[in-house]
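Read through the structure below, which is laid out as structure tokens, and then see the notes.
Treat the numbers as computed from the prediction; the structure is a model and nothing was measured.
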Amino acid sequence: MGATVRRRHRHRPVPVRSGWRSGTDHRDVDAAWAECLRVLGPLTDEDRTVRAGSLTWTCAETAAHIGHDLLAHAGRPAARPADLSVHPTATPAEVLRVVTACAGLLGHALAAADPGVRAWHWGPCDPGGFAATGVAEILLHTHDITRGLSADRHPPAAAGAAVTGRLFPDAPPGDAVDVLLRCTGRGDLDGFPHRDSWTWEAARAD
């Protein structure tokens, strides 16, 4: 019998697809999302209540999971918290880490946004409008919490003026912080009725 000849097969490296590199960064995320849209975009009219492959989730739940995970992954590099979920047993320090991550996300998004971009916030809103609403949410609710903790702290005057000027174009004259608190139902000004409800006017017509 002739001897069996064993040949050694060299594994050739798999060629890297165009647009993909060794190592990953934000460009790979963009490419992956473009691929997702390319594949799933034509299937938006299909039944999404069916099971997603071998998963126990439906296709709709699985698609939502992609979005939720991407949001969580975006927040972690912003503040490096161990967990972005606010559990009922979370300590105040743990909650602040989550808020820090979310503030970092908004800051990064606004820094990268073109000034001409518009997104929905009760109308077409520019990055400056989203910045104003973010500042308002942070400073006003910080004020609410300090009042609850009997450590009352007012928002900084400069930030109060900027927020009021953008979000409340009909605001009356006066001290910037007092006006902001009055516009959001947190205080009163002489000669003006108390406000029980209000709406940000972040959207702009241009």
Side-chain angles (χ1 to χ4, degrees), residues 25-27 29-30 33-34 64 66-81 83-86 90 92-149 151-189 192 194-206:
D25 59 24
H26 65 281
R27 293 168 293 181
V29 175
D30 291 341
W33 180 237
I66 297 173
H68 295 159
D69 265 12
L70 291 178
L71 183 60
H73 295 329
R76 290 188 174 99
R80 297 179 293 279
D83 186 359
L84 278 181
S85 299
V86 178
E94 290 169 341
V95 174
L96 283 181
R97 283 200 294 270
V98 173
V99 175
T100 298
C102 296
L105 278 177
L106 179 57
H108 290 315
L110 294 175
D114 185 288
V117 73
R118 297 291 183 270
W120 180 259
H121 194 291
W122 302 107
C125 184
D126 67 330
F130 283 105
T133 57
V135 171
E137 294 284 0
I138 293 169
L139 295 183
L140 288 170
H141 288 310
T142 297
H143 171 69
D144 295 335
I145 293 168
T146 61
R147 289 190 66 190
L149 299 176
D152 198 358
R153 296 290 185 276
H154 277 34
V163 166
T164 303
R166 175 55 199 263
L167 301 180
F168 298 101
D170 62 343
D175 177 84
V177 173
D178 289 342
V179 171
L180 176 61
L181 295 179
R182 183 264 168 182
C183 287
T184 58
R186 292 170 169 83
D188 294 307
L189 291 175
F192 295 93
H194 179 79
R195 273 193 169 180
D196 293 316
S197 63
W198 61 92
T199 303
W200 306 135
E201 294 189 35
R204 53 193 309 161
D206 60 341

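Legend: residues meeting side-chain hydrogen bond (donor to acceptor under 3.5 Å, both in side chains) with H154, ordered by chain and number and at least two apart, are absent. Every residue meeting the side-chain contact (heavy atoms from CB on, under 4.5 Å) condition with A136, not counting sequence neighbours, appears here in chain and number order: L140, V163, L167, W200. Every residue was checked against the side-chain contact (heavy atoms from CB on, under 4.5 Å) condition with V29, not counting sequence neighbours, and none meets it. In this view, R204 and R118, D126, R166, D206 satisfy the side-chain contact (heavy atoms from CB on, under 4.5 Å) rule, not counting sequence neighbours. With sequence neighbours excluded, the residues that form a side-chain contact (heavy atoms from CB on, under 4.5 Å) with D30 are H26.
Across every non-hydrogen atom of L139 and P156, the tightest pair is CD1-CD, 3.9 Å. Here the closest heavy-atom approach between residue A202 and residue H121 is recorded as CB-ND1, 4.4 Å. Shown here for W120 and F130, the closest heavy-atom pair between the two residues is O-CZ, 3.7 Å. The shortest non-hydrogen separation linking E201 to P169 is OE1-CG, 3.4 Å.
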Just distance, no hydrogens or angles: give the donor-acceptor pairs under 3.5 Å from side chains in residues 108-115, sequence neighbours left out.
unit_1: D114; atom_1: OD1; unit_2: G116; atom_2: N; d: 2.6

Pairs of donor and acceptor atoms involving the side chains of residues 171-179, under 3.5 Å and at least two apart or interchain, shall be tabulated with distances.
unit_1: D175; atom_1: OD2; unit_2: V177; atom_2: N; d: 3.1
unit_1: D175; atom_1: OD2; unit_2: D178; atom_2: N; d: 3.0

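Atoms CG and OG1, from L105 and T100 in turn, are 11.0 Å apart once rounded to the nearest 0.5 Å. Rounding to the nearest 0.5 Å gives a distance of 9.5 Å between CD1 of I138 and OG1 of T133.
Shown here is H68, whose NE2 atom has no more than 12 heavy atoms of other residues, nucleotides or ligands within 6.0 Å. Residue W122 qualifies as open at atom CH2: its count of foreign heavy atoms under 6.0 Å is 12 or below.
A donor-acceptor pair under 3.5 Å is formed between the side chain of H143 and the backbone N or O of R153.
Evaluation of the salt bridge (Lys or Arg N to Asp or Glu O under 4.0 Å) test over residues 128-147, restricted to residues two or more places apart or in two chains, returns D144-R186.
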